[in-house]
Student: 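Below you'll find the structure I mean.
The structure displayed is predicted, hence computed values, not measured ones. All values below come from the heavy atoms of this structure, side chains included, with hydrogens, waters and symmetry mates left out.
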Amino acid sequence: MSHVRAITDIGPRPKDSDGTRAAAGYIEDELDRLGLVAKRLPVGTVDLPEIRVLGRLYRAAHRVTTTDPNIVVRIGPPGPALLLMAHYDTVAGSPGASDNAVAIALLLDLARVLAIDPPPQPVLLAFTANEEIGLVGAEALAAQLGDGVAFAIALDLLGGDGRLAINGASELIGRAELRWLAHAADRAGVKISAPPAHRVVSRWWPHAERSDHGPFTRRG
């Protein structure tokens with residue numbers, strides 16, 4: 001909660017603002033305090049594809065240029081990694097507590113645990129830029145990391161009550177992976193839902209993804 005309070009106290013964090021710069025600095029300072037070496041990966045200019053579903057245009061293709069960076073830290077041995085992401089920007093006018101300070105706080109606390117007890121498998125923790133304007137940071141990150149990612153999970157809109165929604169499962173996730181998720185949820189006492197609209201859209205029209213895992217569902 002101390003991370004959540006610190007990040008929301010910064011205030012709104014729209015693209016290329018004092019807010020995003022302060023949030024990125026806070027994240028880097030916390031990772032440095034844990035003894036972890038974080039990398040700033042410039043996002044720069046990103047070409048966003050159009051989103052067209054069943055003949056309807058939801059977003060025209062366009063180009064975005066940003067000075068906000070992605071911040072990435074790697075923990076564990078070499079090899080293709082499990083990537084966990086949380087975006088640090090917000091929509092204009094919002095302090096972004098659940099969207100997405102809670103997820104940032106969760107990743108920072110996970111970094112604290114993994115710094116003490118490194119995992120046997122490689123893990124990448126990424127704090128991404130400009131999710132709210134089209135997954136811009138994640139698009140750049142997918143191109144930058146390439147085959148270095150084995151599995152990507154975006155943490156977004158956490159901290160509410162009720163069921164945990166699985167939004168945007170890639171076609172690469174099959175029955176075995178879904179059974180693993182169901183068993184893990186049972187052990188944790190968590191109820192999971194997978195809304196049909198998300199299941200259909202994410203598997204057949206991945207450009208319409210609504211969080212940072214979207215660019216990674218398009219990579220085989």
Side-chain angles (χ1 to χ4, degrees), residues 3 6-7 10 12-49 62-76 78-91 96 99-112 114-115 122-158 168 170 206-207 209-219:
H3 290 315
I7 294 164
I10 292 170
R13 304 179 294 282
K15 171 183 176 289
D16 295 342
S17 65
D18 289 341
T20 53
R21 287 185 283 274
Y26 178 85
I27 291 165
E28 290 174 317
D29 287 346
E30 290 300 308
L31 293 172
D32 182 65
R33 188 176 60 81
L34 296 172
L36 296 171
V37 178
K39 289 185 178 180
R40 274 197 173 216
L41 300 182
V43 174
T45 298
V46 175
D47 290 309
L48 299 177
H62 64 285
R63 177 171 291 179
V64 175
T65 299
T66 179
T67 58
D68 292 330
N70 292 322
I71 301 167
V72 179
V73 61
R74 184 184 182 94
I75 305 172
L82 168 64
L83 171 63
L84 297 169
M85 298 173 282
H87 69 89
Y88 62 87
D89 64 312
T90 69
V91 295
D99 190 13
N100 199 28
V102 173
I104 295 171
L106 191 153
L107 281 195
L108 287 173
D109 206 44
L110 180 59
R112 177 186 62 81
L114 295 181
V123 173
L124 284 167
L125 305 180
F127 302 85
T128 54
N130 300 160
E131 188 264 2
E132 298 290 1
I133 59 170
L135 319 183
V136 175
E139 290 281 357
L141 194 65
Q144 290 163 344
L145 298 181
D147 295 335
V149 174
F151 198 90
I153 299 173
L155 303 178
D156 205 347
L157 292 169
L158 304 181
S170 163
H207 285 306
E209 285 293 359
R210 297 179 63 188
S211 195
D212 277 343
H213 55 275
F216 291 89
T217 67
R218 303 194 295 272
R219 300 183 69 86

Student: Do Lys15 side-chain atoms and Thr65 backbone N/O form a donor-acceptor pair below 3.5 Å?
Tutor: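 Yes; at least one donor-acceptor contact below 3.5 Å.
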Student: Kindly compute the distance separating CG (Leu48) from CG (Leu135), expressed to the nearest 0.5 Å.
Tutor: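 Leu48 CG to Leu135 CG: 8.0 Å, rounded to 0.5 Å.
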Student: Show the nearest heavy-atom pair for residues Gly134 and Glu139, with the distance to one decimal.
Tutor: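 So the two residues come closest at O-CG, 4.4 Å.
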Student: Taking all heavy atoms of Pro69 and all of Ala129, pick out the closest pair and write down the distance.
Tutor: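 It is O-CB, 3.5 Å.
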Student: So, for Leu36 and Ala115, which heavy atoms are closest and what is the spacing to 0.1 Å?
Tutor: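 Heavy-atom minimum between the residues: CD2-CB, 4.0 Å.
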Student: Any non-hydrogen side-chain atom of Leu107 less than 4.5 Å from a side-chain atom of Tyr88?
Tutor: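 A side-chain contact is absent here, since even the closest heavy-atom pair is not under 4.5 Å.
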Student: Under a 4.5 Å cut-off applied to non-hydrogen side-chain atoms, are Pro122 and Arg74 in contact?
Tutor: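 Yes, their side chains come closer than 4.5 Å.
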Student: What pair of heavy atoms forms the shortest contact from Gln144 to Pro42, and how long is it?
Tutor: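 Closest heavy-atom pair between Gln144 and Pro42: NE2-O, 2.8 Å.
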Student: Please tell me whether Asp99 and His87 have a donor and an acceptor in their side chains that are separated by less than 3.5 angstrom.
Tutor: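 Per modelled atom types, Asp99 and His87 side chains form a pair under 3.5 Å.
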Student: Is Glu131 reaching over with its side chain to a backbone N or O of Ala86, donor-acceptor style, under 3.5 angstrom?
Tutor: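 Between the backbone of Ala86 and the side chain of Glu131 there is no qualifying donor-acceptor contact (under 3.5 Å).
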Student: Please determine, by modelled atom types, if Thr66 and Asp16 share a side-chain donor-acceptor pair under 3.5 angstrom.
Tutor: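 Side-chain D/A pair, Thr66 to Asp16: present.
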Student: Can you tell me how far the CG atom of Asp156 sits from the CD atom of Glu132, to the nearest 0.5 Å?
Tutor: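 The CG atom of Asp156 sits 7.0 Å away from the CD atom of Glu132.
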Student: Which atom pair, heavy atoms only, marks the closest approach of Ser17 to Pro14?
Tutor: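 Result for this residue pair: OG-O, 2.6 Å.
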Student: Contact between Leu31 and Leu125 at the side-chain level, heavy atoms closer than 4.5 Å - yes or no?
Tutor: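 Contact flag for Leu31/Leu125 side chains = no.
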Student: If you define the side chain from C-beta out and look only at heavy atoms, does anything of Arg13 sit under 4.5 Å from Ile7?
Tutor: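 A side-chain contact exists here, since the closest heavy-atom pair is under 4.5 Å.
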Student: Could you check if a side-chain atom of Ile10 sits within less than 4.5 angstrom of a side-chain atom of Asp18, using non-hydrogen atoms only?
Tutor: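 They are not in contact (no side-chain heavy atoms under 4.5 Å apart), so the answer is no.
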Student: What distance separates Ile153 CD1 from Leu155 CG, expressed to the nearest 0.5 Å?
Tutor: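 Taking CD1 in Ile153 and CG in Leu155, the distance rounds to 7.0 Å.
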Student: Applying the side-chain contact (heavy atoms from CB on, under 4.5 Å) criterion to Leu141, which one of Leu83, Val136, Val149 satisfies it?
Tutor: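 Single side-chain contact (heavy atoms from CB on, under 4.5 Å) partner of Leu141 among Leu83, Val136, Val149: Leu83.
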Student: With a 4.5 Å cut-off on side-chain heavy atoms, are Ile133 and Asp89 touching?
Tutor: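 No. Closest side-chain heavy atoms not under 4.5 Å.
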Student: Any side-chain heavy atom of Leu145 within less than 4.5 Å of one from Leu124?
Tutor: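 They are in contact (side-chain heavy atoms under 4.5 Å apart), so the answer is yes.
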Student: Give, for atom CG of Asp68 and atom CZ of Phe127, the distance between the pair rounded to the nearest 0.5 Å.
Tutor: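 Spacing of CG (Asp68) from CZ (Phe127) equals 15.0 Å.
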Student: Any idea which heavy atoms bring Val43 and Ala140 closest together, and the distance?
Tutor: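 The answer is CG1-CB, 3.9 Å.
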Student: About how many Å separate CD1 of Ile71 and NZ of Lys39, when rounded to the nearest 0.5 Å?
Tutor: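 Taking NZ in Lys39 and CD1 in Ile71, the distance rounds to 14.0 Å.
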Student: Would you say His3 and Ile104 make side-chain contact, with heavy atoms under 4.5 Å?
Tutor: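 No, every pair of side-chain atoms sits at 4.5 Å or beyond.
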